[in-house]
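Step one of this worksheet: look at the structure below.
Whatever order the structure lists ligands and atoms in, that order sets their numbers, starting from 1.
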Amino acid sequence: MENNKVLIIEDETKLARFIELELKHEGYQVFVAYDGRNGYDMFYEVEPDIVLLDLMLPQLSGLEVCRRIRKNSKTPIIMLTAKSETMDKVVGLDNGADDYITKPFAIEELFARMRAALRRLKNKNEEDKILYLKNLTIDISKRVVKFDDTEIELTKREFELLVFLIQNKNIVVTRDQILNQVWGYDYIGETNVVDVYIRYLRTKIDDRFNVKFIHTIRGVGYFAKDDD
Ligand code: CA
């Protein structure tokens, strides 16, 4: 968790200061805003890994800040709420907060919730790095391709071609698009290198497992088909 950036948006200066010192002690990089508008602006300046957001804030309410951040960010948000604000907690979660903690809280409890929220995001991001197409699973970070449980050995170029096709599944991609994306803009050579590699993939996947993943649109290009 070291060096994770935390943005605290809290108008009770004493509480904000207390959390700030405790988090710094834990190795976090800490930024503090004392009202909603400033906090929302700081969110884009600081690009924090996690936000601690008070509910009742001057300028812009915690709920509104939460809603605005959620429009285009997955950054975890933990709401800091007073005991009397039970209803608002629920509304906070409805508006995209990841968790809430009721004041007064033990700092260890806050640390635990922050760690959990950061871990959930990390797991989520790792899931995003896995692509699926019918029986195929492609783990991009580990560079592993499987048909059900059987691992398929691919060269680097074959792997990149397959990933590109699957990232664009059900969309026809032209030979030029494939060349640009998989071989790079400066590739000089025959465009039929694409056809050659498509054939390699078909041998290793379609033929071997008796399926039809890679479809040809004559004179246009190829696509990986998800559903029949
Ligand atoms: Ca407040």
> When you check the space around the Ca ion (ligand 1), which protein N, O or S atoms turn up under 3.0 Å?
Replying inline: D11 OD1, D54 OD2, M56 O

> Which of parallel (below 30°), tilted (30 to 60°) and perpendicular (above 60°) describes W183 and Y197?
Replying inline: perpendicular

> Passes side chain to side chain donor-acceptor pair (under 3.5 Å), S61 versus R67? Steps please.
Replying inline: CA-CA 10 Å; S61 77; R67 204 175 295 140; over 6 Å; no

>> Any salt bridge linking D98 with R70? Criterion: basic side-chain nitrogen under 4.0 Å from a carboxylate oxygen.
In response: yes

> Between atom CG of L161 and atom OH of Y200, what is the distance when rounded to the nearest 0.5 Å?
Replying inline: 12.0 Å

> How far does CZ of F164 sit from CD1 of I178, to the nearest 0.5 angstrom?
Replying inline: 6.5 Å

> Apart from L121 itself, what residues make up its hydrophobic cluster when side-chain heavy atoms of I, L, V, M, F, W and Y under 4.5 Å apart count as a link, directly or indirectly?
Replying inline: none

